Amino acid sequence: MQVRTEALPADRAARWERLTALPLTVLSVLFLVVYAAPILRPDLAESWLRVCEATTVLIWLTFWVDFVVRLSLTGARRRFLRDHLFDLAVLVLPVLRPLRALRLITVVLSLSRRAESWARGRLAVYVGATTMLLVLVSALAVLDAERSAAGSNIASFDDALWWATVTITTVGYGDHFPVTGTGRFVALGLMIGGIGLIGFVTGSLATWIVDRVSQKGGTAPATADDIAALRAEIEALRRQLDPESSPAGDDPDRRSHAAQPSG
């Protein structure tokens, strides 16, 4: 009974994550839309701006509810908080536009943790999509922070997208760069996230190439013949080093010696 009681919280938490995976994904996409609309359309009507602001707050509260429910369902709450410090930090941050974008990244990364059972190829594609999403969100966030700043050189979404691309790939041409504190904070998160994501994609590609080469080498017809030849060579060396250990029928010299009459 004790084992069953300890397993129940984990089962309930897993069931909750399965039920909320799709709704949270939809809310994440909606969050991206309502976050990007006022940035890409600065001339948006005041009523639509209020709708976008209210939607982001509601989605943020929904993420709070999801976090609290998962915390209440887990059996090891202290360990859960330790493993989800980043999610908790994002939720308690002040309501600032660039920081609200991090909530979407938190949801995407949490979904990637639930995809551990996927094949490596699908996971690599998923992380590649996450990388593109990180570039898009960072471009929106830095444009929101830099557009009206004094001395800014990022004035359009094209400039922001170019800056995010060269930053995440560690190229860093320097033709566009943030001048505000918020913009530099976004750049810091993009560089840290980019190193991990690009490194994972590169490592997965290298592992896939090594696996393919190994599979082709393992299925070659000559492999069995090589093993048989190697065994024959080892047996021949063994007979030369210790002739008495070999059966008489296998050694021609011993057969001729055995055929001679004694005396």
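When a residue number appears, it is its place in the shown sequence, counting from 1. This one's a predicted model, so the numbers in the text were calculated from it and none came from an experiment.
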(request) Rounded to the nearest 0.5 Å, what's the gap from CD1 on I192 to CG on L134? Could you check? (result) 11.0 Å
(message) Tell me whether the count of non-hydrogen atoms from other residues, nucleotides or ligands lying under 6.0 Å of CH2 in W64 goes above 12.
(response) yes
(request) Please work out whether the ring planes of F31 and Y35 are parallel, tilted or perpendicular, with thresholds of 30° and 60°. (result) parallel
(request) Would you name the heavy atoms of G183 and P178 that are closest together and state the gap between them? (result) C-CB, 3.6 Å
(request) Can you measure from CG (L44) to CG (L49) and round to the nearest 0.5 angstrom? (result) 5.0 Å
(request) Find the distance between OG (S138) and CG (L143) and round it off to the nearest 0.5 Å. (result) 12.0 Å
(request) Could I get the full list of side chain to side chain donor-acceptor pair (under 3.5 Å) partners for D66, not counting sequence neighbours? (result) W16, R70
(request) Share the residues that join Y173 in a hydrophobic cluster, the rule being Ile, Leu, Val, Met, Phe, Trp or Tyr side chains under 4.5 Å apart at the heavy-atom level. (result) W162, V166, V171
(request) Please confirm whether the backbone N or O of L71 pairs with a side-chain atom of T74, one donor and one acceptor, at under 3.5 Å? (result) no
(message) Using side-chain heavy atoms (C-beta onward) and a distance below 4.5 Å, is L136 in contact with L32?
(response) yes
(request) Check for a donor-acceptor pair, side chain of E146 on one end and backbone N or O of N153 on the other, with a separation under 3.5 Å. (result) no
(message) Could you check whether any side-chain heavy atom of F80 comes within less than 4.5 Å of a side-chain heavy atom of L73, counting everything from C-beta outward?
(response) no
(request) Provide the closest heavy-atom pair for P42 versus R147 in the form atom of the first, atom of the second, distance. (result) CG-NH1, 2.8 Å
(message) Taking the side chain as everything from C-beta on, heavy atoms only, tell me whether L140 gets closer than 4.5 Å to L40.
(response) yes
